[in-house]
Amino acid sequence: MKIGYPCLNRSIGCTPSRTFRLRSYSPARLEESVQQNLECLGRILEFNLANGLLFFRITSDLVPFASHPVCTFPWQEEFVERFAALGSVMRRKGMRISMHPDQFTLINSPDPDIFRRSAAELAYHAAVLDLLGLDLTARIQIHGGGVYGDKKASLERFCARFEQLDEKIRRRLAVENDDHQYSVADCLQISKRTGIPVLFDSFHHQLNGNGEALGTALRQAAATWGENDGLPMVDYSTQKKGERKGRHAESIDLKDFAGFIAAGEGLDFDIMLEIKDKERSALRARRFLIKTNRI
DNA sequence: AGGTGTCAAGCGTCC
DNA sequence: GGACGCTTGACACCT
């Protein structure tokens, strides 16, 4: 069981997601941003290693506008060695890596143009993981997508579109239950049809489940991860008190976390903590798991 | 220097 | 049919 946090570290004073406005694009600006983002990613990895945090989600902003037509700078060639060096550290130290494209990535949109752009965005994510030289335990998590007034047809379209994607993308995908449309049960159907594993999100399940107990849904999702996919990945978070439904908590609620761990008793998986204070809560979660002899 | 409105992209909900 | 929230950080322009 590895513990991680997504994208940013709040204590080391750099960001791996430097970007700029589209109209400010220039090859030099892109090169400079990527160089600094990779530099910061390296520092985050060092921090994580020093602190026993072996799961990390790489930000989609690592290469700004990577899938946009404006981006013609050959960043893959330019930074091939830097990526290889970072990936070598990840592999040597047994770090688990994920990526999570944002809500504009929808392979099941009826609009072929949106599908085309989504495929380009996924190709960028797959290219990053390939440049790092990571095996297929490094995954790209996406949601089921839109419903477009007919969930059955939209789920079918997800599966049909999946078949059209490049193998470099298909082999790295995982499908995650979302907070109001595609539940774990829906994702299990997608998994059955496509063979991609289901990434269980505990908070989304709480907001959009079909009444399955936490432990049941977690086990159903976990069972979809094959031998080459690595341990099941799981996203964990809780509701921010007194705020709109769906907002992530500011810091970890160890009592709730203990309940979550208890629900997964006997199962091994890697946990991504989607909590706003990032590494701080991840460190607290790790200490809790050490204290209770889980890791 | 600090504050704030805005940013590539899409969906669903609410009015 | 249009505004807004999602969820959120960083830019870029303003004072």
Side-chain angles (χ1 to χ4, degrees), chain A residues 5-26 28-30 32-37 39-41 44 57-73 99-125 140-151 153-155 157-158 161 175-183 186 201 203-204 206-208 235-251 272-281:
Chain A
Y5 60 98
C7 304
L8 308 174
N9 178 300
R10 300 207 184 275
S11 48
I12 64 174
C14 70
T15 174
S17 52
R18 268 186 71 126
T19 182
F20 46 84
R21 295 291 184 255
L22 180 57
R23 66 173 180 275
S24 318
Y25 178 90
S26 73
R29 189 78 188 264
L30 184 88
E32 186 198 355
S33 298
V34 175
Q35 196 273 322
Q36 295 195 27
N37 287 343
E39 163 77 28
C40 183
L41 177 59
I44 292 176
R57 181 186 299 164
I58 297 175
T59 175
S60 296
D61 290 334
L62 195 70
V63 182
F65 305 105
S67 72
H68 191 281
V70 77
C71 182
T72 51
F73 182 83
M99 295 186 82
H100 190 1
D102 67 25
Q103 76 259 38
F104 307 108
T105 301
L106 295 155
I107 66 169
N108 78 339
S109 170
D111 182 339
D113 233 35
I114 291 172
F115 171 64
R116 190 181 49 73
R117 285 196 292 271
S118 296
E121 181 70 358
L122 288 170
Y124 151 61
H125 284 75
I140 302 167
Q141 60 191 92
I142 58 172
H143 293 296
V147 168
Y148 312 99
D150 184 344
K151 192 190 261 185
S154 298
L155 198 147
R157 194 167 49 251
F158 182 105
R161 287 282 186 58
V175 62
E176 175 197 349
N177 56 309
D178 68 71
D179 55 357
H180 51 116
Q181 293 171 130
Y182 291 87
S183 65
D186 297 324
D201 185 306
F203 188 29
H204 293 164
Q206 192 182 322
L207 297 167
N208 176 35
D235 283 357
Y236 169 84
S237 58
T238 53
Q239 175 67 41
K240 183 169 179 178
K241 302 277 182 294
E243 289 269 344
R244 195 181 292 104
K245 222 172 84 169
R247 300 202 87 144
H248 291 159
E250 201 61 43
S251 66
M272 178 61 58
L273 294 164
E274 294 190 313
I275 297 178
K276 286 202 61 172
D277 66 2
K278 307 283 180 186
E279 76 282 359
R280 193 168 155 266
S281 283

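Here is the naming used below: chain letters follow the sequence lines, and residue numbers restart at 1 for every chain.
- Protein atom CG of A:D111 is 8 Å distant from nucleotide atom P of B:dG10, rounded to whole Å.
- The gap from the C1' atom of B:dC7 to that of C:dC4 amounts to 16 Å, rounded to the nearest Å.
- Rounded to whole Å, the separation between the P atoms of B:dC14 and C:dT7 comes to 15 Å.
- Separating the C1' atom of C:dC11 from that of B:dG10 is a span of 22 Å, rounded to the nearest Å.
- For A:R157 against A:N108, the heavy-atom pair with the smallest separation is NE-O, 2.7 Å.
- Summarising the base pairing, B:dC7 is matched to C:dG9 through a Watson-Crick or G-U wobble pair whose two defining distances lie under 3.5 Å.
- Remark: ring of A:F104 overlaps the six-membered base ring of B:dA9 in a stacked fashion, centroids less than 5.5 Å apart, planes less than 30° apart.
- One P atom belongs to B:dG12, the other to C:dG9, and the distance between them is 25 Å to the nearest Å.
- Relative to the side chain of A:K276, the nucleotides B:dG10, C:dA12, C:dT8 differ in distance, and C:dT8 lies closest.
- When all heavy atoms are compared, the tightest approach of A:S17 to A:N37 is N-OD1, 3.4 Å.
- Put simply, A:S109 has a side-chain N or O that comes within less than 4.0 Å of OP1 or OP2 on B:dC11.
- A:D178 has its CG atom 15 Å from the C1' atom of B:dT13, to the nearest Å.
- Checking C:dA3 for Watson-Crick or G-U wobble geometry (two distances, each under 3.5 Å) identifies B:dT13 as its partner.
- Looking at A:D201 and A:Q141, their side chains never bring a donor and an acceptor atom within 3.5 Å of each other.
- C:dG9 atom P lies 15 Å from atom CZ of A:R21, rounded to whole Å.
- When all heavy atoms of A:Y124 and A:V63 are compared, the pair lying nearest together is OH-N, 3.1 Å.
- For B:dG12, the OP1/OP2 oxygens have a side-chain nitrogen or oxygen of A:Q181 closer than 4.0 Å.
- To the nearest whole angstrom, the two P atoms, one in B:dT6 and one in C:dA3, are 13 Å apart.
- Listed nucleotides C:dG9, B:dG10, C:dA12 differ in distance to A:L8; the shortest reach to its side chain belongs to C:dG9.
- Of all the residues in residues 11-19 of chain A, A:T15, A:S17, A:R18, A:T19 reach under 4.0 Å from DNA chain C with at least one non-hydrogen atom.
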